[in-house]
Each structure stands twice: as structure tokens, then as C-alpha cells.
Peer 1: 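Mind looking over this structure? Questions follow.
Everything numeric in this text was worked out from a predicted model, so none of it was measured.
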Amino acid sequence: MIALHPWLSETQKSFALMLLALGVVVLLPLVVDTRRTVHRVVLLLGVIALALRYIWWRGTETLAPVGFDLDFAASGTLYLLELVAILSSINAAVLLMRRRNRHDEATENAEWWAPGPPPKVAVMIATYNEEREVLERSIVGAISVDWPDVEVLVLDDGRRDWLATFCAKHSVRHVTRSDNSHAKAGNINHALALLEAEGNAPDFFAVLDADFVPHRDFLTRCVALFHDHSVGLVQTPQHFFNADPIQHNLGLSRSYPDEQRFFFDHIQPARDGWGVAICCGTSSVMRWSALREIGGFPTDSVTEDYLLSLTLQERGLSTAYLNEPLTEGLAAEGVGEYVTQRARWCLGLMQIVRGRLGPFARNGLRLRDRWSVFDTLLYWLGSFPFRFAGLAFPLLYWFFGTIVVDARVPDVLAYFGAYYVVSLGVMNLLSRGTVIPVLHDVSQIVGAVPIMRAAVHGLLRPKGHKFKVTAKGGDRSRVVVQWRLMMPYLVLMGLSVAGLWIGSAFDSLAHYDAGDGKMVVLFWTFYNLFVLSLTILACIELPRQERHIADAPERAAFSAGAHSDQIWLASLTQDSARIRGRTYPVGMRGMLHIPQIGAVEATVIAPTDDGARLHLSPSPEMHHAMLRRFYTQGSAPGVVEVHLGQLISDIARRLSFSRDA
């Protein structure tokens, strides 16, 4: 192979190196066991080595000459932003070297309290302004958990009379307070103080957001991990029964996981492997005595959950992560709410960094805890500004002739290409193929501007920020264009197209040099146009409605009068069903006999080729039975890994503006 080198150009040699890297990546699944720590370490050390090789090349060979000019300022700024992003990636690689699975531990310690009685548990549902439909399924799920000694409390900061009536009807305690100080953290602290004053304190308590529903075995599995007395809190992953805005607005709900899957399925188990797992607000269970030891939920950050884990860790109490689908909830439905939620997370982290438990403050945190906070800081400060700069900086070339990356194509392939191929391949091997480059960019770019603003505000003015509730529910039946979020990307797209046109139409730009002529910046711009197109589409909120599809078609029966037919139940929601196997005339009334639920009154509303669509009119008891079936049992809802063929088809359909998208 070496003998062939004289016949290969520099570009061909670099391309051959990329192909070699790709070949290694393709073979990795055959020889690597991602469950073994030593294999993970070797893989990720390789990624880190290529990252360092790449960033050294960028810093020594691609920057503009030092000087008081736009070339040096732009080139140096982009490099510094990329350096922070690379450091964040290296931190993530180190973090992913370990991984902990507590499934067997929970099974083996299922009744660690025996022969004594099971501990008392309180389930607390924190709510402010959620609609009845959202709260109803959470309350029904909470009162259905399998635990012998449990009390359900609805902590209502909205002080709603209808909710008090609903809670009384279902033997659930409705708790209010005179003000809403410290938002969710203050709400929970008030309820805990109330229980303690009554002499009714539980041994453990669970915290659920108003839109999250526990599975029946939620407490059984979580409480098992408290056999270890150093565990102060058990966190479980958040799964969503609806598509998040990126999935939904791009038409990817069948082929692409929600944006938080990588964090909950891979980052959190890795954090647990290092002993730095964090509380995520909902779907967690906490030891009552641990909370008393730290003086209640901390209130000096709008992300009180992360701060809670740090506060526990400072006292020598750990957060354990049980990676099992034990709750499911409602993802932010609109892109505006999606961005508001992430900007709040960013703001809260900046408050923590500037506070008493920051990585550089005098406190009792271990070095690894400080490192984990610093890693999160790098993520918020590095990823989003760098993504935005990557969209904007090529425009400096097209309009001003400014060279921000002075690189030759062979070097780009040899240094960046090899690093990109290997890092992408390794991350997808470790995460079951969930890291899709363009879509990962879109999920960060959509909220980049508000998140960068939140980062600056949080660092410069960490105090005085109010907790912003993520709105859930509401009317989602119309197309809504988020112009405010979209506008920066419309402008960037327009300028990118104009820059391409100017660069192609005017010979005066022919002397500009960015590597081999315009090749580097040209590819960069075309890539940006594709990313910007998807980002703009993600800002167009499409109508949505509740849609629950059974894991597989199942047998049911439809009866009208004395006649009953066996049919296949193909899909089911709280008020509709689709059946296959028999056709029926529109308007026919009958009873649909659904396994685990019973007989529900149904009316045929439309024929299909192989059956009919039915409108359901369940009784209140049947309605609650359907809620329990939908939300309190089964495996994780939604897509948990990428279906590549379907993904490509879905993106093509969305870009074509097909009516089926």
C-alpha cells in the first residue's frame, strides 16, 4: 500500500486516511463490547487523541497572522469558541468511559426492609397552572402505584377550587400555601414542613412534575436502592409519550429519539459510574432524613434539582441513577416552551457556578463533583456559541474576504475528517446510533440565542431571576410560526444565499483565498444552508393531537345487539380507536371490548379499507382504566434509537412539504 503513495495526490492520500478511519469504525462492533470499561476507555482515548491532534493543527496552521485586523480577530475568536467546544467534547469522552447499571441491584434488594414493615412513602405532584387533562392522568397514575403504605399529595400553587374537588373525590390530599415563594422548591418544602409538623413524616418521598405519570412499579424499584444508607436520592430517566418539538415539527416522531434520550440513556449512567449522577426534578425518590440533614430543597437556583444533588454530595450522600422506564410524561409541545425550558436550565447552572457550591468556591465538594459542574459549564458556554458562530463566520468571507480558517483541503480531510469520522462512529457505537450530526446541530441551534443570553445573564447577575414554568397542554390544533426564534436563522440563510450569489457572480472575489480556493468555505456554506433549512422548519409548529398506538395489534371484540365479532384493535386513544377485520356502516353503535379495560360504548364514524374508525364514550371508571393502561405499564414510550432508513425518508418528506409529513 505504501508503494502506491507516489501515484496518489495529497487529497487522495487524505481521503484514503478518512476511508481507513471509516473502515475501523465499521469493524468496531465486531470486536468491542461497550459494557466493558476497558473497551470504552480504549475507544474514547482514541477519540481524545484525534481531538487533540485536530485542535493542535487548527491552532498552529489555520489561524490568520497576528495583527490588528478583522482576519486575526475573526480567526482567533472562532478558534477560541471551538477550543471550548472541543474541551467539552473531551470531558464528555472521559465521562463516558464509565457506566453503571443498577438493574440487578434493585432486583436483589427488592425487600431490604424485611421482616419489618415496608417504609412509608409520600408521592408529591407539584403543579401550578396545568390543565385538568394533564393533572388527571398524573393523579390516577399516582394512586395506582403498587405500594402498601403511600400517600399522594397534590401541591397546588395555583390554588384552584376545581382541583381541590377533584382531589377530594379521589382521596388525594390537596395542599396549598399563601404565596408562591421559591416556586417548585418552595412548594415542596412547604408540604414537607406541613407533614413534619403533623407528625406524619414519611420515610421516603417521590417528586413528580404535574405532567408525569408513574408506572405501577415506580416505588418498588426505586425504594430498593435505598438499602445503601449513603444513597440520599434515586433518580430515574424521563420518557415522553409525545414527540418533542424537534421530532414533531420535522416529522421524525417515528424514526428519531427525543432530544433528551442521549442524556438519560447514556450520560446519566456514565455520571452514575463516576458517582456524580444528578437529580432531574421529576421522577425521583428521596430519603426524608437526608432532606432534613441538608435543611430542605435549596432555593438559590432556578435548577434546584441539580443543586440538590450537589448539596447532598457535600454531606456525603449520593444520588443513584436507576435507568429503567418507570415514569412517562409530556415533553414540551411547542418550540417556544422547549427553548424556555433549556434557557432556564442554562441560567440555573450559571447560578450554581457563581454560588456556594460552584466548582471554584470553598465548599465540601469532592474534586469529581467540581469536575462534573465544570463539564456542564463547558457544555453551556461552548456548544451553543460555537454552533451559532459556525453559521455566521463563513459570511465574513463572502462579504469581506475575511479568512477565518486558512486551510488546505487535504489537511481538512486528514485532521478534521479523520477526527469527525472516528468520534461520530464511536459515539454512535456507545449510544446505539442516536447521534445524528445535522439533527444534533438543529436541536442546539434552535435555542442558541436565548440560551447564550441566559448564560450571560446568569454569570453576570446570578440573583433575582424568577422560575419560568414550562407550559404544557393547551390548543395545539393550529400551525404556529415562532417568528422571534426563526428570525436570526432566516437572516443567516438569506445572507448565506446572497454570499454564494455574490461569490459566483463577481470576478472581484476570485482573489479571495480560503484554503484551496473557495472549496472549504463553499462546503461549509452549503452545509449551513441545509442545517438552517431544518432549523427554520423546526420553528414552524405543526398541529398535533394525542396519539397512542398499541405496541402491536391485539385481539378485541365489537358487539352490536346480540351479534359479536372478533376484530383486531390497531390503534387506541382515550376517545377513538381503529379496528381491522370487519367493516361496519357509519353510525352503527355498539360496545368495543378492550383487554384490561372492559366494554366501552363506541360509534362507527368512518369506514376504512379493512375496518372502521370508532368514537369511544367511556364511563369515568373506564376512562381511568384507559389512563392506567396508557401510562402506568409497559416499556418506554416513543422511539429510543434511530431508525436510519425511516429517518432519511421522513426528512425527505418534510423537506418536500408533503401533506403526509
Peer 1: Tell me whether Arg287 contacts the main-chain N or O of Val231 through its side chain, where contact means a donor paired with an acceptor under 3.5 Å.
Peer 2: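 Between the backbone of Val231 and the side chain of Arg287 there is a qualifying donor-acceptor contact (under 3.5 Å).
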
Peer 1: Could you tell me whether the side chains of His266 and Arg261 share a donor-acceptor contact shorter than 3.5 Å?
Peer 2: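 No - no donor-acceptor pair under 3.5 Å links their side chains.
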
Peer 1: Pick out which of Gln238, Gln268, His239 makes a side-chain contact (heavy atoms from CB on, under 4.5 Å) with Gln260.
Peer 2: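 Testing each of Gln238, Gln268, His239 against Gln260, the sole residue satisfying side-chain contact (heavy atoms from CB on, under 4.5 Å) is Gln238.
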
Peer 1: Using a 4.5 Å cut-off on heavy atoms from C-beta on, say whether the side chain of Pro450 contacts that of Leu485.
Peer 2: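 In short, these two side chains touch, coming nearer than 4.5 Å.
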
Peer 1: Indicate whether the side chain of Glu333 and that of His248 have a donor and an acceptor atom separated by less than 3.5 Å.
Peer 2: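 There is no such pair between these side chains.
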
Peer 1: Kindly say whether His643 contributes a backbone atom to a donor-acceptor pair with the side chain of Ser255 at under 3.5 angstrom?
Peer 2: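 The answer is no, because no donor-acceptor pair under 3.5 Å joins these two groups.
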
Peer 1: Is it true that a side-chain atom of Trp112 and a backbone atom of Val223 form a donor plus acceptor pair closer than 3.5 Å?
Peer 2: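 Here the side-chain-to-backbone pair exists.
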
Peer 1: Could you give the distance from SG (Cys167) to CD1 (Ile139), rounded to the nearest 0.5 Å?
Peer 2: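 Separation between the atoms: 4.5 Å.
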
Peer 1: Over all heavy atoms of both residues, which pair between Asp272 and Ala320 is shortest? Give the atoms and the distance, please.
Peer 2: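 Heavy-atom minimum between the residues: OD1-CA, 4.0 Å.
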
Peer 1: Please determine, by modelled atom types, if Arg160 and Thr127 share a side-chain donor-acceptor pair under 3.5 angstrom.
Peer 2: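 Yes, side-chain donor-acceptor contact under 3.5 Å.
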
Peer 1: Is a side-chain N or O of Asn249 found less than 3.5 angstrom from the main chain of Leu542, in a donor-acceptor match?
Peer 2: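 Checking the backbone N and O of Leu542 against the side chain of Asn249, a donor-acceptor pair under 3.5 Å is found.
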
Peer 1: What pair of heavy atoms forms the shortest contact from Pro237 to Asn323, and how long is it?
Peer 2: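 Closest approach of Pro237 to Asn323: CG-OD1, 3.7 Å.
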
Peer 1: Between the side chains of Thr632 and Ser144, does any donor sit under 3.5 Å from an acceptor?
Peer 2: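 Side chains of Thr632 and Ser144: no pair found under 3.5 Å.
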
Peer 1: Would you say the side chain of Cys280 lies within less than 4.5 Å of the side chain of Phe264, judging by non-hydrogen atoms?
Peer 2: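 With C-beta onward as the side chain, the pair touches.
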
Peer 1: Looking only at heavy atoms, which two atoms of Ala106 and Ala224 are closest? And how far apart?
Peer 2: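 Taking Ala106 first and Ala224 second, the nearest heavy atoms are O-CB, 3.3 Å.
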
Peer 1: Please check if the side chain of Ser309 supplies one atom and the backbone of Cys279 the other of a donor-acceptor pair under 3.5 Å.
Peer 2: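 Side chain of Ser309 to backbone of Cys279, a donor-acceptor pair under 3.5 Å: yes, one is there.
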
Peer 1: Quick check against the 3.5 Å criterion: does Asp209 have a side-chain atom that pairs as donor or acceptor with the backbone of Asp211?
Peer 2: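 A pair under 3.5 Å: no.
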
Peer 1: My understanding is that only residues two or more places apart in sequence, or in another chain, count here; which of them pass side chain to side chain contact (heavy atoms under 4.5 Å, CB included) with Pro118?
Peer 2: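 With neighbours one apart ignored, the set is Trp113, Trp147, Pro148.
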
Peer 1: Mind checking the CD-CG spacing from Glu259 to Leu439? Nearest 0.5 Å is all I need.
Peer 2: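 One finds 11.5 Å between CD of Glu259 and CG of Leu439.
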
Peer 1: Just how far is it from atom CD1 of Ile597 to atom CD of Glu621, taken to the nearest 0.5 Å?
Peer 2: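 It comes to 13.5 Å.
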
Peer 1: Would you say the side chains of Asn180 and Arg159 form a donor-acceptor pair under 3.5 Å?
Peer 2: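 Their side chains do contain a donor-acceptor pair, which is all the 3.5 Å distance test asks for.
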
Peer 1: Indicate the ring-plane relationship of Phe205 and Phe297, choosing parallel, tilted or perpendicular according to the 30° and 60° boundaries.
Peer 2: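 Plane angle between 30° and 60°, so tilted.
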
Peer 1: Taking Glu324 as the fixed residue, which of His103, His215, Arg102 is the one that meets the side chain to side chain donor-acceptor pair (under 3.5 Å) rule?
Peer 2: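 Output: one option passes, namely His103.
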
Peer 1: Of all heavy-atom pairs between Ala210 and Leu135, which one has the smallest distance, and what is that distance?
Peer 2: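 That closest heavy-atom pairing would be CB-CD2, 3.7 Å.
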
Peer 1: Would a 4.5 Å heavy-atom cut-off, applied to side chains only, mark Thr319 and Ile278 as touching?
Peer 2: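 Answer no - side chains too far apart.
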
Peer 1: CZ/Arg578 to CG/Leu569 distance, rounded to the nearest 0.5 angstrom?
Peer 2: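 Between atom CZ of Arg578 and atom CG of Leu569 there are 9.5 Å.
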
Peer 1: Kindly say whether His563 contributes a backbone atom to a donor-acceptor pair with the side chain of Ser559 at under 3.5 angstrom?
Peer 2: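 Side chain of Ser559 to backbone of His563, a donor-acceptor pair under 3.5 Å: no, none is there.
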
Peer 1: Looking only at heavy atoms, what is the nearest atom pair of Leu233 and Ser284, with distance?
Peer 2: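 Leu233 and Ser284 have their closest heavy atoms at CD2-CB, 4.1 Å.
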
Peer 1: Quick one: list whatever passes ring-ring contact (aromatic ring centres under 6.0 Å, His included) with Phe558, sequence neighbours left out.
Peer 2: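 Per chain and number, Phe558 pairs via ring-ring contact (aromatic ring centres under 6.0 Å, His included) with Tyr584.
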
Peer 1: Rounded to the nearest 0.5 Å, what separation is found between the OH atom of Tyr321 and the OG1 atom of Thr236?
Peer 2: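 One gets 7.0 Å once the value is rounded to the nearest 0.5 Å.
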
Peer 1: A side-chain contact here means heavy atoms from C-beta on lying under 4.5 Å apart; do Ile567 and Leu592 qualify?
Peer 2: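 Ile567 vs Leu592: side chains touch.
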
Peer 1: Tell me which pairs pass side-chain hydrogen bond (donor to acceptor under 3.5 Å, both in side chains) where either residue lies in residues 193-207, with sequence neighbours left out.
Peer 2: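 Listed once each, the pairs are Lys120-Asn200, Glu151-Asn200, Arg173-Glu198, Glu196-Arg292.
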
Peer 1: Apply side chain to side chain donor-acceptor pair (under 3.5 Å) to residues Gln646 and Asp650 and explain how you reach the verdict.
Peer 2: CA-CA 6 Å; Gln646 183 69 55; Asp650 288 345; 2.8 Å; yes

Peer 1: Just verifying a value: how many Å separate Ile605 CD1 and Ser576 OG, rounded to the nearest 0.5 Å?
Peer 2: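 Between Ile605 CD1 and Ser576 OG, I get 7.0 Å after rounding to 0.5 Å.
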
Peer 1: Could you tell me whether the side chain of Glu541 and the main chain of Val335 form a donor-acceptor pair under 3.5 Å?
Peer 2: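 Between the backbone of Val335 and the side chain of Glu541 there is a qualifying donor-acceptor contact (under 3.5 Å).
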
Peer 1: Testing the basics here: between Leu155 and Ile188, what is the closest heavy-atom pair and its distance to 0.1 Å?
Peer 2: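 So the minimum-distance heavy-atom pair works out to CD1-CA, 3.9 Å.
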
Peer 1: Without swapping roles, check the side chain of Thr34 against the backbone of Leu429 for a donor-acceptor pair under 3.5 Å.
Peer 2: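 Checking the backbone N and O of Leu429 against the side chain of Thr34, no donor-acceptor pair under 3.5 Å is found.
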
Peer 1: Quick check against the 3.5 Å criterion: does Asp244 have a side-chain atom that pairs as donor or acceptor with the backbone of Ala331?
Peer 2: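 Looks like no, no N/O pair under 3.5 Å.
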
Peer 1: In the structure I gave you, are the side-chain heavy atoms of His623 and Glu136 within less than 4.5 Å of one another anywhere?
Peer 2: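 Result yes, sub-4.5 Å side-chain heavy-atom pair found.
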
Peer 1: Decide yes or no for Phe204 and Leu219: does some side-chain heavy atom of the first lie under 4.5 Å from some side-chain heavy atom of the second?
Peer 2: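 Heavy-atom side-chain distance check fails, nothing below 4.5 Å.
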
